[in-house]
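All values reported here derive from a predicted model rather than from experimental measurement. For ligands, and for the atoms within them, numbers begin at 1 and follow the listed sequence.
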Amino acid sequence: MRWRLLASRVIAIDGPAGSGKTSTAKAVAAELELAHLDSGALYRAVTLVMLDAELRLDERRIVEAANSHGVGLRDVHGSFHPFVDGFDVSKVVRSQDVTAQVSQVAALPTVRDWVNGVLRQLVADHPAGAVADGRDVGTVIFPDAILKVFLTASLEERALRRAKQEGRVDIDGDGVARLSRAIQERDTADASRAVAPLVAAPDALHIDTTQLAFGEQVAAVVDKAKPLLGIA
Ligand code: DC
């Protein structure tokens with residue numbers, strides 16, 4: 001299969017919600033001049049279409065709607081953003097409505113096949129290669145990726161990072177506990193589903209980012225990737 005040959009130009013970064021995989025993948029891609037593909041953003045864009053069209057969890061109709069509404073990732077000044085009907089939906093896909101539903105949509109096998117096909121095509125079309133992040137990039141989408149990374153962090157640290165990301169600077173202990181519960185529910189849903197559950201590839205490099213500064217976790221991946229990509 002063609003995408004298997006192409007996978008030698010892919011760095012896969014997987015991990016649970018809030019582990020820092022998307023921001024890390026983006027920074028690694030910028031440093032190595034590769035495309036950054038956020039597979040979660042694609043699941044979120046599909047979920048947005050499902051909610052707008054009130055399709056519930058009918059996987060055949062969801063995939064039809066994803067095609068007819070032109071769901072995909074497009075290069076915006078060197079960074080790939082989720083698009084629907086020609087509009088950049090980067091912000092709206094992070095809404096609470098989408099976040100609350102996306103795990104259920106991501107558990108549908110037909111939707112997963114569709115997302116995997118879109119990502120493999122994007123890599124095939126991108127000559128430099130890509131850093132792709134998600135839950136099953138190294139295990140299912142690109143099992144031959146040149147480097148597989150599994151990022152983790154403690155639940156509390158992940159909740160604090162999410163709160164910061166969402167601009168909730170004055171969040172109290174109860175707020176962090178609520179956010180932790182929501183993240184844990186999503187982790188459990190993602191890790192216990194029948195198809196492509198969240199699990200580290202056996203050959204993945206594990207990085208616990210709880211105590212790491214952002215620059216340190218990016219450097220850990222870049223340093224490992226450079227020799228594999230033949231970069232000095
Ligand atoms: O990383 P995120 O929170 O944006 O991901 C959104 C959802 O999509 C999350 O519930 C897990 C799912 N997902 C997945 O199942 N497989 C991927 N490769 C990426 C995301």
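- Scanning the protein for heavy atoms near atom 9 (C) of ligand 1, the closest one is Arg186 NH1, 3.3 Å.
- Comparing heavy-atom distances from atom 5 (O) of ligand 1 across Arg162, Arg135, Arg193, Arg94 singles out Arg135 as nearest.
- Side-chain atoms of Ser95 and Asp97 form no donor-acceptor pair, as typed in the model, at a separation below 3.5 Å.
- Among protein heavy atoms, atom 10 (O) of ligand 1 sits closest to Ser103 OG, 2.9 Å.
- At a cut-off of 3.5 Å, with distance as the only test, a side-chain donor of Arg161 or Thr209 sits close to an acceptor on the other residue.
- In terms of protein heavy atoms, atom 16 (N) of ligand 1 is closest to Arg112 NH2, 2.9 Å.
- With no hydrogens or angles considered, no side-chain donor-acceptor pair links Ser180 and Arg158 at under 3.5 Å.
- Taking a 6.0 Å sphere around CZ of Phe87, one finds it holds 12 or fewer heavy atoms contributed by other residues, nucleotides or ligands.
- If you number the atoms of ligand 1 from 1 as listed, the ones under 4.0 Å from a heavy atom of Val102 come out as 6 (C), 7 (C), 8 (O), 10 (O).
- Atom CD of Glu156 is surrounded by 12 or fewer heavy atoms from other residues, nucleotides or ligands within 6.0 Å.
- The OG1 atom of Thr139 lies 9.0 Å from the CZ atom of Phe150; values are rounded to the nearest 0.5 Å.
- In terms of protein heavy atoms, atom 4 (O) of ligand 1 is closest to Arg44 NE, 2.7 Å.
- Checking Val111, Asp136, Val195, Asp190 against atom 11 (C) of ligand 1, the nearest heavy atom belongs to Asp190.
- Considering only non-hydrogen atoms, atom 12 (C) of ligand 1 lies nearest to Ala106 out of Ser39, Gly40, Gly138, Ala106.
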